[in-house]
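Proteins come first, then strands; the chains are lettered A, B, ... in the order of their sequence lines, and each starts at number 1.
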Protein chains: 2
Amino acid sequence: MSDPLGQVFGALADPSRRQVIGYLSARGTATATELTGELPMTRQAVAKHLATLADAGLVESERQGRETRFRLTEAGAEWDDRLDALRSHLTRHRR
Amino acid sequence: MSDPLGQVFGALADPSRRQVIGYLSARGTATATELTGELPMTRQAVAKHLATLADAGLVESERQGRETRFRLTEAGAEWDDRLDALRSHLTRHRR
DNA sequence: CTCATGTGCAACCTCCTGGTTGCGCTATTG
DNA sequence: CAATAGCGCAACCAGGAGGTTGCACATGAG
């Protein structure tokens, strides 16, 4: 759609997707099946989230044998930091 | 829905809404009818965008007589700055 | 007072999104 | 080689998002 900013914000708007970013930041790498254990949804749903994150350039994948491992891109890691900052900025400013 | 971050990102995901933020930042204040002149949509559509921006806490309104004037909140102004930074960050990193 | 201007509310439509199920293919393992 | 684990693709569904039209209500201007 040639609206990179919109894709990024759209990707970050979903809480499950932000959680995925958090998990990937903590683990470094994970497969869709692994992440399914952490989220209340099916593997295919997780795979879709990973796909939109990849479209937004926040995540990249690499097939290793029969599994596909995902990790944060540089932009994704930057956003993981910004998310932490924004969260504390919110709770600080709330009241 | 008690997902403040999600509301903010959702609001920023739409290009028309980001444009509205830009206009408000430039003009300081505007009504829905005024903004309709700048965007290819009806006044009601603009009003909806302003409502979601207000729900996200990026914009606030004040009724003056028969018109309702909108302006950026502090958070909205901060995001207007962050948007500029992100855009140049993108065009810098792209290529 | 009358009338035009500005607004808000509600119904409606279309398309996208988050999620599901089902199936078939690929690659490891025993 | 056979069985299984992991993945991708496609169809499908309910609900929300972006937008429209139509109308009723309030307020300032003449």
Side-chain angles (χ1 to χ4, degrees), chain A residues 1-24 27-71 76, chain B residues 1-24 27-71 79:
Chain A
M1 277 299 209
S2 176
D3 178 13
L5 221 50
Q7 276 186 279
V8 171
F9 284 129
L12 294 173
D14 187 278
S16 306
R17 241 125 53 189
R18 291 196 303 267
Q19 247 185 304
V20 167
I21 291 181
Y23 286 133
L24 284 181
R27 305 189 172 189
T29 181
T31 70
T33 310
E34 286 169 11
L35 290 172
T36 304
E38 315 271 3
L39 293 169
M41 64 186 69
T42 60
R43 174 185 59 86
Q44 285 84 344
V46 174
K48 278 195 186 181
H49 283 309
L50 286 167
T52 70
L53 285 171
D55 284 344
L58 303 181
V59 144
E60 60 190 1
S61 63
E62 183 188 1
R63 180 130 201 182
Q64 287 183 359
R66 72 174 156 188
E67 62 182 21
T68 304
R69 306 213 63 88
F70 291 83
R71 61 178 161 282
Chain B
M1 274 307 199
S2 175
D3 178 13
L5 223 50
Q7 275 185 278
V8 170
F9 284 128
L12 294 174
D14 187 279
S16 306
R17 240 125 52 190
R18 291 195 303 268
Q19 247 185 305
V20 167
I21 291 181
Y23 286 134
L24 284 180
R27 305 190 172 190
T29 181
T31 70
T33 309
E34 285 170 11
L35 290 172
T36 304
E38 315 272 3
L39 293 168
M41 64 186 70
T42 60
R43 174 186 59 88
Q44 284 84 344
V46 175
K48 277 194 185 181
H49 284 309
L50 287 167
T52 71
L53 285 170
D55 284 344
L58 303 180
V59 144
E60 60 190 0
S61 64
E62 181 189 1
R63 179 129 200 184
Q64 287 182 0
R66 71 174 156 186
E67 61 182 21
T68 304
R69 306 213 63 88
F70 290 83
R71 61 178 159 282
W79 272 109

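- Nearest-nucleotide positions on DNA chain C for Gly10(A) and Phe70(B) put Phe70(B) closer to the 5' end.
- In this structure, CD on Glu67(B) lies 11.0 Å from CD on Glu62(B), to the nearest 0.5 angstrom.
- Across Ser16(B) and His49(B), no two heavy atoms sit closer than the pair CB-NE2, 4.0 Å.
- For Asp3(B) and dG18(C), the CG to P distance is 12 Å, given to the nearest whole Å.
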Polar atom pairs between nucleotides 21-25 of chain D and protein, under 3.5 Å, N or O only, would you list them?
unit_1: dG22(D); atom_1: O6; unit_2: Gln44(B); atom_2: NE2; d: 3.1

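- Interatomic distance, CH2 of Trp79(B) versus CZ of Phe9(B), reported as 4.5 Å (0.5 Å rounding).
- Note that CG of Leu50(B) and CG of Leu35(B) are 6.0 Å apart. Values are rounded to the nearest 0.5 Å.
- Scanning all heavy atoms of the two residues, the minimum distance from Thr52(A) to Ala11(A) falls at O-CB, 4.5 Å.
- Listed by residue number, His49(A), Gly65(A), Arg66(A) are the residues of residues 49-67 of chain A with a heavy-atom contact under 4.0 Å to DNA chain C.
- Whole-Å rounding puts the Met41(A) CE to dT17(C) P distance at 16 Å.
- To the nearest angstrom, P of dG18(D) lies 14 Å from CD of Gln19(B).
- When Val20(A), Leu24(A), Asp14(A) are each tested for a side-chain contact (heavy atoms from CB on, under 4.5 Å) with Leu53(A), only one passes: Val20(A).
- Considering CD1 of Ile21(A) and CD of Gln19(A), their distance stands at 11.0 Å, rounded to 0.5 Å.
- Separation of atoms CZ (Arg18(B)) and CG (Leu5(A)) is listed at 4.5 Å; rounding is to 0.5 Å.
- Taking 4.0 angstrom as the limit, Thr68(B) places a side-chain polar atom (N or O) nearer than this to OP1 or OP2 of dG8(C).
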Nucleotide N/O of nucleotides 14-17 of chain D paired with protein N/O under 3.5 Å:
none

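- Taking CZ from Arg71(A) and CG from Leu58(A), the interatomic distance works out to 14.5 Å, rounded to the nearest 0.5 Å.
- The two atoms that bring Gln7(A) and Ala56(A) nearest to each other are O-CB, 3.8 Å, heavy atoms only.
- Side-chain atoms of Thr31(B) and Arg69(B) form no donor-acceptor pair, as typed in the model, at a separation below 3.5 Å.
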